[in-house]
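Shown next, in C-alpha cells, is the structure this report addresses.
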Amino acid sequence: MQGVRVVRGALDMARQTQLLSDLREVARAAPFLAPVTPGGRKMSVRMTSAGRVGWVTDARGYRYEARHPSGVDWPPIPGIALDVWRTWSGVDRDPDCCLVNLYGEGARMGLHQDRDEGDFRWPVVSISLGDEGLFRVGGTTRAAPTRSVWLRSGDVAILSGDARLAFHGIDRIRFGSSGLLRDGGRINLTMRVVD
Ligand code: MD3
Ligand code: FE
C-alpha cells in the first residue's frame, strides 16, 4: 500500500522518556477512558486525548469532542509530539487532536478505517512508545490483502495518500518487550487534523 512510511527510531531514548513523562501529565488532567463502541463492545485499549478536540466513543457513536467526558478541556499536545508532526507530516498546519492509546497485556485493536475526520487529504502521524506492537495494514476494502510490521518504541509512522483510508489495526503486543513503561505496555499517539 502506497502512503505508509515507518521511520525507525525517530525518537531517541531521551525524547521517548520525556514524552512519556509529558503523557503522564496529560493523563493526570484527562484520565484514560475504557472506551465502548457504539455497538456496545468494550475496547481493550484505554484512550485519552490532547489538543483542541479529543476522540471519544460510546453508545452515541464515534466522534470528536471539545472536552473530556469529565468536562475538562483536553490538555495541550506535548511539544515533542508536535515536533514529530512538524518534522514528518509534510504539511504546515498543526494537528487538532493527539489521540493517546494505551495497550496493556492482551490489548489489541481490530482492523478499522479512520473516518471521523473532515478531510482525508491530511496525513496521520503516529508515534509508538513502550512494548512492540504488530501493526497490520491493508487496502481500502476490508477484503484487500494486508501486510504486517512490528512497531517499536520510538518509531514514527506517517499515513498519507491512499493509505489514509486503509484498513489497519494492532493484532497484538509483545508485553514486556520494552523497559520504557515500568509496568509494561504500549502507548501509541496518533495526531490528526480533524476539520
Ligand atoms: C493507517 N492506532 O488510533 S497507529 C488509531 O497503534 C489506530 O494504536 C493504532 O489505528 C495504534 O486509530 C495504529 C498507525 C496508524 C494510525 C492511523 C492510520 C495507521 C493508520 C490511519 C490510516 C491508515
Ligand atoms: Fe486507526
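Nothing fancy with the numbering, it's 1 onward along the sequence.
By the salt bridge (Lys or Arg N to Asp or Glu O under 4.0 Å) test, R8 pairs with D155, sequence neighbours left out. For L181, the side chain to side chain contact (heavy atoms under 4.5 Å, CB included) partners at least two apart in sequence or on another chain are L20, L102, I187. For R24, the side-chain hydrogen bond (donor to acceptor under 3.5 Å, both in side chains) test picks out no residue, with sequence neighbours left out. By the side chain to side chain contact (heavy atoms under 4.5 Å, CB included) test, V91 is found to be paired with W85, S89, W122, P123, residues two or more places apart in sequence or in another chain being considered.
In this structure, CG in L180 is found 5.5 Å from CD in Q16, a value given to the nearest 0.5 Å. Considering OG1 of T17 and CG of D12, their distance stands at 8.5 Å, rounded to 0.5 Å.
A salt bridge links R63 to D58: one of the charged nitrogens lies within less than 4.0 Å of a carboxylate oxygen. Classification of R164 and D114 as a salt-bridged pair fails, no side-chain N sitting under 4.0 Å from a carboxylate O.
A side-chain hydrogen bond (donor to acceptor under 3.5 Å, both in side chains) check over residues 68-84, counting only residues at least two apart or in different chains, returns the pairs R67-D73, H68-S70. Judged as a salt bridge (Lys or Arg N to Asp or Glu O under 4.0 Å), the pairs with a partner in residues 133-154 (not counting sequence neighbours) are, in order, R136-D171.
Inter-residue side-chain proximity for R174 and L134 is flagged as unmet; no heavy-atom pair is nearer than 4.5 Å.
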Residue pair D94, R52: steps toward the salt bridge (Lys or Arg N to Asp or Glu O under 4.0 Å) verdict: CA-CA 11 Å; D94 279 347; R52 191 177 64 70; over 6 Å; no

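Judged by distance alone, the side chain of H168 and the main-chain N or O of Q113 form no donor-acceptor pair under 3.5 Å. When atom types are taken as modelled, the side chain of S128 and the backbone of L151 share no donor-acceptor pair closer than 3.5 angstrom.
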